[in-house]
Amino acid sequence: MTAEPTGPDRTERAVNGVLLPGFEGTRVPDQLADAARAGLAGVVYFARNTPDVATTAALSTALHSISPDLLIAVDEEGGDVSRLEAVTGSSLPGAAALGAHPGGAAVSLDAGRALGRLLAATGIDLLLGPVLDVVSEPENPVIGVRAFGTTPDDVARHGTAFARGVRSAGVGVCGKHFPGHGATTVDSHVGLPVVDEPLDVVRARDLLPFARALRPEGRDAGQSVLDAVMTAHVLFPALGPAPASVEPAATRLLRELGHTGPIITDALDMGALRQLTGSVGEAAVRAVEAGADLLCLGLDPALYTESYDALSRAVATGRLTVERLEESRTRTQALVAAVRVRRSAAGAATSVDVAKEALADLSEVGAHIADAVVHVRGGRLVPLPTEAEPDVVDLRTRLDHAAGRKARHVQAAVIATWPGARVTPAEGGEVPDGEGAEAVAGELGPDEHGLAVLIARFTRYGVSADLDRMGMNRGAEFPGGVPRVASRSEPLVVITREPVPGSAERARLERLWAVRPDLVVVHTGPPGPVEDWFGTLSGGGPAVVVACGTGRANAAAAVERLRGPVDRRDSEEQRSSEQ
């Protein structure tokens, strides 16, 4: 048996043993390879590492050949957050769609199993999911459709089932974002969210899904379905004065709930911690002091160097001990060992061919889920003609930093079906990939000038009231009536995410609705507030295709609704109202 290294080698391995960096490209950088040989705990994949499943499988094989015990983790939630399918959009609709599925938690179990097979086939060891946040704040800027629902019970049932599914395929899971990110109104990528509520409220609402996943009932009674838990950069004053990711009281609470595996921080280069600690290095030290075991870092190799140096200095000055770092490393090694056994039992293998088969299976599963969930709210949606050249206007004004970009999969699906479609804005609003991406200056969506040009064009062509796309004569509701013209204007499809009354997105929607009462909305945000957000518009609002997210599966199902006929739920509701 090899003796434990001592001196500088021991310190180097101990420090590396708590780091989980990202990196650029589809090949293993020399610096990363050296760190892996020197005890690096693992890596996090971003979209720049995973352009397709074949490349991902090859990269994972290369990394594991350098260090068999290296932990490869990825944010692959499905829906809005995808790394393995960042280019095309996710085949899996995402948590909000799963939570809304009439088939209940059994569908989440199947979805988790299908996703787990793809992850195992591409050599990934740990899914940074499921999201166990309860979206109690409808205007939450970062969680939204990434959550299974708005009640603790729904999130607990679906989250636990999804985790079981992933694990059954031979992959580890990491519940997030403890103690809960669902009640926030600030995106922790750019600022520090605060949930200033009593601890008993937090326990009953936010902690319940974590508690049930850590101590599930039924067949897994007493056996946690979470291999790791990710802490949030969210301040809970009832717990302590620091964000949970660097707050010892949050760690103690998580251990009290029964978690014995690694505690992983959200990315330390996010804005919430940068503002608090002043540097990623200091954040790394504070996170370990608070009890974290693995420290997520972004793509920039400088983040690894800064964190490594800060932790090494902390050991040299006595602020941290090698033994404390080795304790964390031991937890991670136990996780890796458990995943290896699980993968062997599942018969999973990393292979390009197997990965392609798993992706095809996931696409089939995802398409069925999306078809059952994506639906039309309000009005009687008249299908867009096959020869139409619709205008598509993206009104979303906030960037989804968790997804790494403002997803354009709805636009792509519309253009694929109606090649003559005109999209506004024409550009994609792309931002740097990675958890620490800074906010893009200015608002997204059409600017005021662009919106004015659109309204002028729509007003010029007019709308035929008796051919309103909702099948209703709405002209009398507008001053002077709606001008009748010989030829009808092309259909108008509007994409929304958070048309909250008083917001810029809502104001732009109202202006378009005033001149185009025939418009149809594809809503990519949370399904819960749809009636409040759209039903309060004049005349009861437009027809809304509720997509439950922006993934490729969601977008494809939304386009099917635009093509018609109206989906089954609407037909059933209409029949009920007529009886």
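We use all heavy atoms of the structure for the numbers below, so side chains are in, but hydrogens, waters and symmetry mates are not. Computed from a predicted structure; not experimentally measured.
Aromatic ring pairs are classed by plane angle as parallel below 30°, tilted from 30° to 60° and perpendicular above 60°; the pair Phe210 and Phe178 is perpendicular.
The side-chain contact (heavy atoms from CB on, under 4.5 Å) test applied to Ser279 returns Glu282, Glu306, not counting sequence neighbours. Residues satisfying the side-chain contact (heavy atoms from CB on, under 4.5 Å) criterion with Asp196, sequence neighbours excluded, are Val194, Pro237. Annotation: ring pair (Phe, Tyr, Trp, His ring centres under 6.0 Å) contacts of His181 (sequence neighbours excluded): His177.
With 3.5 Å as the limit, one finds a donor-acceptor pair spanning the side chains of Arg552 and Ser91. Ser328 and Arg324 share a donor-acceptor pair across their side chains, judged by distance under 3.5 Å alone. Looking only at atom types and distance, the side chain of Thr550 has no donor-acceptor partner in the side chain of His409 under 3.5 Å away.
By the 6.0 Å contact criterion, CG on Asp200 is enclosed, its count of non-hydrogen atoms from other residues, nucleotides or ligands being greater than 12. Remark: Arg340 CZ is packed, more than 12 non-hydrogen atoms of other residues, nucleotides or ligands lying under 6.0 Å away.
One N or O on the side chain of Asn49 and one on the backbone of Gly25 form a donor-acceptor pair closer than 3.5 Å. Put simply, the side chain of His233 gets close to the backbone of Ala267: a donor and an acceptor are under 3.5 Å apart. Within the 3.5 Å criterion, the main-chain N or O of Gly78 finds no donor-acceptor partner in the side chain of Ser82.
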(Q) Using side chain to side chain donor-acceptor pair (under 3.5 Å), reason through Gln31 and Thr305 one step at a time and then give a plain yes or no. (A) CA-CA 10 Å; Gln31 181 191 37; Thr305 302; 3.2 Å; yes
Open item on the list: Go through it in stages, so that I can follow the logic: the residues are Leu207 and Val202, the test is side-chain contact (heavy atoms from CB on, under 4.5 Å), and I'd like the CA-CA distance, side-chain angles, deciding distance and then a yes or no.
Closed with: CA-CA 6 Å; Leu207 296 185; Val202 174; 4.2 Å; yes
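Residues Val53 and Leu118 form a side-chain contact, since some pair of their non-hydrogen atoms from C-beta on lies under 4.5 Å apart. A heavy-atom distance below 4.5 Å is not found between the side chains of Val173 and Phe162. Using a 4.5 Å cut-off on side-chain heavy atoms (C-beta onward), Leu192 and Pro243 make contact. For the pair Thr524 and Ile495, the minimum side-chain heavy-atom distance is below 4.5 Å.
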